[in-house]
Number of protein chains: 2
Amino acid sequence: MTSERRKAVNVKSQNLEAAEVDPRQRILEAATRIFAEKGREGARTREIAQAANVNLAMLHYYFSSKEELYVRVLTPIFEELFSRLKLAAGSSAIPTRRLEAVVGVYFDFLKGKPDLPRLIMWDLVTGAHAMRQTFQRVFSSDKEGLMQLIHGIFKEGQKGKLPPEDADQSVISMVALCVFPFIARPMLEIINPGVIQWLNFLARRQDHVLDLLLNTFADESKP
Amino acid sequence: MTSERRKAVNVKSQNLEAAEVDPRQRILEAATRIFAEKGREGARTREIAQAANVNLAMLHYYFSSKEELYVRVLTPIFEELFSRLKLAAGSSAIPTRRLEAVVGVYFDFLKGKPDLPRLIMWDLVTGAHAMRQTFQRVFSSDKEGLMQLIHGIFKEGQKGKLPPEDADQSVISMVALCVFPFIARPMLEIINPGVIQWLNFLARRQDHVLDLLLNTFADESKP
DNA sequence: GTCTATAGGTGGATAGAC
DNA sequence: GTCTATCCACCTATAGAC
């Protein structure tokens, strides 16, 4: 095949199904799935290549190393999560609504990207490098930090009911309550068979989390 | 060295420091540490052997495979945790006190065994096999299951304030709130520098978790 | 029981033709 | 850009002397 004929084929292939988009993208998608399943070390570059319908040499043509591939998978996901959280936490609504929005972002985002919870957990268990990196970038380019915004929701919502120090702890509790069901799903399926209807369970869970957190809000801050 | 002389040495060595207890024990301790740090796949048998002050062949003399070693590290820890939880949850005290006791077991146990949180997470991320196995053993040998006991704390404590279905969700929230800070410690150190004084932070955290959960209890159930 | 040496296999990465 | 074939490091597990 000449170089010119190949170019023509590549242009046409932009419009085909997922298995035929450009190799770089296919590799990223396969890697996301397999890194989520098996972690950075457990994932095999050969398996990723096969799932992406390229050979091992092609994978290394697009990504110099397994490590680079891993970073290119993780960082954009975290960046999008952080950016959505910031939008939800930074609105001008009352604290109750802002908390609803933030909890909603967590649940929707984790629901919509089935690989993300496991990617988060793998990153956590191997030192949280991707999170740290993304967070530092977000912080340095942005003085009105995400953390301050979320913190502010609780400080304002709990004013008069709980001392300001409790806002720190509440932020952690919120993250714990939102993220835990996703990362601990196998454990939940052991201790609670009802979890089997997953989306159903998540809807009830989201309500429960919100109720639990709003319990700590002062009555004045409630609509 | 004759067989008899060696026996004498071994008996004496029972009273020496950790580096000189019997090799089997040394291997288990080193494996616990290294499995916690690097996971089942990331851990290297050579490194475990070296940390236990034995060579690779000795490790395989005592444990037929890396997999067996992993199971022998994990299951006793989970069994002890479950047994302590059962003691705390199965007392005849009022629900508030039982909840205090259960939360206390989680925090004390996770504090006292620094490797446990990471072992839990590694087990979770690789399918929760050790948890599943231990849980099934606990359940089959024991009709008054641990889960029913913990569930009962919330059902009884929240009676008249929340519908019984909420007890399911509350159990999950409790586990999330207790376990999350330990497994997400690297993340917490990113978003909250105050976590650096770890034990200090945990004490405040334990109070906060208890307060948050007791918020859902009916007034009648409080002392 | 304890050691050295090595088998046997698989991993990430690359060379080099096309 | 894409492929096949291969390098070489390193892993678990074992053979076999002592």
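Each chain gets a letter, A, B and so on, in the order its sequence line appears, and its residues count up from 1.
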Original post:
For every nucleotide of nucleotides 4-10 of chain C, 5' to 3': is a protein heavy atom under 4.0 Å from its base (B), only from its sugar-phosphate (S), or from neither (-)?
Top reply: B------
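Going from atom CZ of B:R40 over to atom C1' of D:dC11 covers 16 Å, rounded to whole Å. Residue A:I34 contributes atom CD1, which lies 13 Å from atom P of C:dG11 at whole-angstrom precision. For the pair B:M58 CE and D:dC18 C1', the computed distance is 14 Å after rounding to whole Å. Residue A:E47 contributes atom CD, which lies 15 Å from atom C1' of C:dG12 at whole-angstrom precision. Spacing between atom CD1 of A:I27 and atom C1' of C:dG12 amounts to 15 Å, rounded to whole angstrom units.
With hydrogens and angles disregarded, no donor-acceptor distance shorter than 3.5 Å links the side chain of B:K86 to the backbone of B:L149. In this structure, the side chain of A:R46 does not engage the main chain of A:L56 through any donor-acceptor pair within 3.5 Å. A:K155 contributes no side-chain N or O that, together with a main-chain N or O of A:D168, makes up a donor-acceptor pair within less than 3.5 Å. For B:Q25 (side chain) and B:V21 (main-chain N/O), no donor-acceptor pair under 3.5 Å exists by modelled atom type.
The stretch residues 104-130 of chain A participates, sequence neighbours left out, in no side-chain hydrogen bond (donor to acceptor under 3.5 Å, both in side chains) pair at all. Pairs passing the ring pair (Phe, Tyr, Trp, His ring centres under 6.0 Å) check and including a residue from residues 53-80 of chain A, sequence neighbours excluded, read A:F35-A:Y70.
Note that CG of A:L110 is 10.5 Å distant from CD of A:Q206, once rounded to the nearest 0.5 Å.
Using a 4.0 Å heavy-atom cutoff across all strands shown, A:A49 reaches no nucleic acid atom at all.
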Subject >> Residue pair A:R33, A:I48: steps toward the side chain to side chain contact (heavy atoms under 4.5 Å, CB included) verdict >> reply: CA-CA 9 Å; A:R33 215 171 55 243; A:I48 294 172; over 6 Å; no
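The closest side-chain donor-acceptor pair between B:S173 and A:R205 falls under 3.5 angstrom.
Shown here is A:R204, whose CZ atom has more than 12 heavy atoms of other residues, nucleotides or ligands within 6.0 Å.
Interface residues of residues 60-73 of chain A facing DNA chain C, ordered by number: A:H60, A:S65, A:K66; criterion, heavy-atom separation under 4.0 Å.
The side-chain contact (heavy atoms from CB on, under 4.5 Å) search around A:K38 returns A:E47, not counting sequence neighbours.
Helical stems in DNA chain C, defined as runs of 3 or more consecutive Watson-Crick or G-U wobble pairs with donor-acceptor distances under 3.5 Å: C:1-18 with D:1-18.
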